[in-house]
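The block underneath contains the structure these notes are about, expressed in structure tokens.
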Amino acid sequence: PARLATMKRKTKETEVEVTINLDGTGVCVAETPVGFLNHMLDQIASHGLFDVTVRATGDTWIDDHHTVEDIALALGGALSQALGDRKGIHRFGEFCAPLDEALTHVVLDLSGRPYLSCDLAIPAQRIGTFDTELVEHFFQSFVNTSGTTLHIRQLAGKNSHHIVEATFKAFARALRKAAEYDERRQGMIASSKGVLTQQ
């Protein structure tokens, strides 16, 4: 069956719709008012080989915070829904991605338990108009709704754009590995407890 899900989120601050196909080809349609985030969503799709569509509007005349947060919440929710009972997946994923002088290591577990440890030292407060403080907040929001344990470590880097992009690329590759089917599992849950969800 297709591992495809759509999540909608509407508040007084934003309106977001996210669709993800976990077994896609890396196609991304990102129509949001946050240009740098569109670029990062493209990294997730391209390097994760997910098909991702994100359409969002939000109160960016205040700042990008609410829009970035709600996109991440919807993306995490869509991922969790697309994974279903998580039978047969690898569950764990790890990747270390370089981008020129920057190097980021990401390890994640689709455990059903949300947790984020994020150790990034981004020199610039902004990349273009994007507040770099929102990078960690994006991942925190994502883990909250996806039930992912996520560890991010910056190993090297001086250029803020490179650091953040390397992080999203490593995240995409780690997530791809974790979400892919393990042929030896044959539909079994990768847990001694027999469950990878909190429901």
Qualifying salt bridge (Lys or Arg N to Asp or Glu O under 4.0 Å) pairs, either residue in residues 140-165, two or more places apart:
E165-K169

Between F36 and H161, is a side-chain contact (heavy atoms from CB on, under 4.5 Å) present by the stated rule, with each step listed?
CA-CA 9 Å; F36 184 75; H161 190 130; 3.7 Å; yes

Taking the side chain from T132 and the backbone from A124, do they hold a donor-acceptor pair closer than 3.5 Å?
yes

With rounding to the nearest 0.5 angstrom, report the CG to OG distance, L41 to S46.
12.5 Å

Hey, does L79 have a side-chain heavy atom less than 4.5 Å from the side chain of F50?
no

What residues form a side-chain hydrogen bond (donor to acceptor under 3.5 Å, both in side chains) with N38, not counting sequence neighbours?
T32

Please name all residues satisfying ring pair (Phe, Tyr, Trp, His ring centres under 6.0 Å) with H162, sequence neighbours left out, ordered by chain then number.
none

Parallel, tilted or perpendicular: which fits the ring planes of F138 and F168, with parallel below 30° and perpendicular above 60°?
tilted

For I89 and R185: C-alpha separation, side-chain torsions, deciding distance, then whether side-chain contact (heavy atoms from CB on, under 4.5 Å) applies.
CA-CA 8 Å; I89 63 170; R185 287 277 168 207; over 6 Å; no

Contacts of F95 that satisfy ring pair (Phe, Tyr, Trp, His ring centres under 6.0 Å) - sequence neighbours left out
none

Mind checking side-chain hydrogen bond (donor to acceptor under 3.5 Å, both in side chains) for T60 and listing every partner two or more places apart, or none if nothing turns up?
none

Find the distance between CD (Q43) and CG (L99) and round it off to the nearest 0.5 Å.
8.5 Å

According to salt bridge (Lys or Arg N to Asp or Glu O under 4.0 Å), does anything in residues 118-147 pair up with another residue at least two apart or in another chain? List the pairs.
none

For A166 against A102, the heavy-atom pair lying closest together:
CB-CB, 4.4 Å

Contact between L75 and M7 at the side-chain level, heavy atoms closer than 4.5 Å - yes or no?
no

Residue pairs involving residues 105-128 (criterion ring pair (Phe, Tyr, Trp, His ring centres under 6.0 Å); sequence neighbours excluded):
Y115-H151

Restricting to pairs with a member in residues 21-49, which pass salt bridge (Lys or Arg N to Asp or Glu O under 4.0 Å), not counting sequence neighbours?
R3-D23, E31-R55

Return each pair, listed once, that meets salt bridge (Lys or Arg N to Asp or Glu O under 4.0 Å) where at least one residue sits in residues 64-73; pairs must be two or more places apart or across chains.
R9-D70

Sorted by chain and number, sequence neighbours left out, salt bridge (charged side-chain N to carboxylate O under 4.0 Å, His left out) with E180 holds for R176

Write down the atom of P98, the atom of C96, and the distance for their closest heavy-atom approach.
CD-O, 3.8 Å

Grab the two heavy atoms, one from L73 and one from S141, that are nearest each other, plus how far apart they are.
CD2-O, 3.4 Å

Applying side-chain contact (heavy atoms from CB on, under 4.5 Å) to L4 and I20, what does each step give before you reach the verdict?
CA-CA 6 Å; L4 177 71; I20 187 167; over 6 Å; no

Taken in chain and number order and not counting sequence neighbours, the residues that satisfy ring pair (Phe, Tyr, Trp, His ring centres under 6.0 Å) with F142 are F171

Could you state the interatomic distance from OG1 (T6) to CD (E17), rounded to the nearest 0.5 Å?
6.0 Å

For a 4.5 angstrom cut-off between non-hydrogen side-chain atoms, does D51 reach T25?
yes

According to a hydrophobic-cluster definition based on side-chain heavy atoms being under 4.5 Å apart (Ile, Leu, Val, Met, Phe, Trp, Tyr only), do I163 and L103 belong together?
no

To the nearest 0.5 Å, tell me how far L175 CG sits from L110 CG.
6.0 Å

On a heavy-atom basis, the closest approach of A45 and V27 is CB-O, 3.9 Å

With clusters defined by side-chain heavy atoms of hydrophobic residues (ILVMFWY) lying less than 4.5 Å apart, directly or transitively, does V18 cluster with L49?
no

Sub-4.5 Å side-chain heavy-atom contact between I62 and D59:
yes

Once you round to the nearest 0.5 Å, how far does OG1 of T148 lie from CG of L116?
10.5 Å

Measuring from atom CZ of F130 to atom OG of S160, what distance do you get when rounded to the nearest 0.5 angstrom?
11.5 Å

Could you pull out the closest heavy-atom pair between P33 and G58, with the gap in Å?
CG-N, 4.4 Å

Would a 4.5 Å heavy-atom cut-off, applied to side chains only, mark I127 and V164 as touching?
yes

Can you confirm whether N159 sits close enough to D100 that some side-chain heavy atom of one is under 4.5 Å from a side-chain heavy atom of the other?
no

Find out whether T14 and T57 are in side-chain contact, i.e. whether some heavy atom of one side chain is under 4.5 Å from a heavy atom of the other.
no

Below 4.5 Å, heavy atoms only, C-beta onward: do I152 and T104 meet side chain to side chain?
yes

Distance-only, no hydrogens or angles: does the S80 side chain make a donor-acceptor pair with backbone N or O of G76 under 3.5 Å?
no

Can you confirm whether the side chains of T53 and T19 place a donor and an acceptor under 3.5 Å from each other?
no

T67: partners by side-chain hydrogen bond (donor to acceptor under 3.5 Å, both in side chains), with sequence neighbours left out
none

Write down the atom of R86, the atom of G147, and the distance for their closest heavy-atom approach.
NH1-O, 3.5 Å

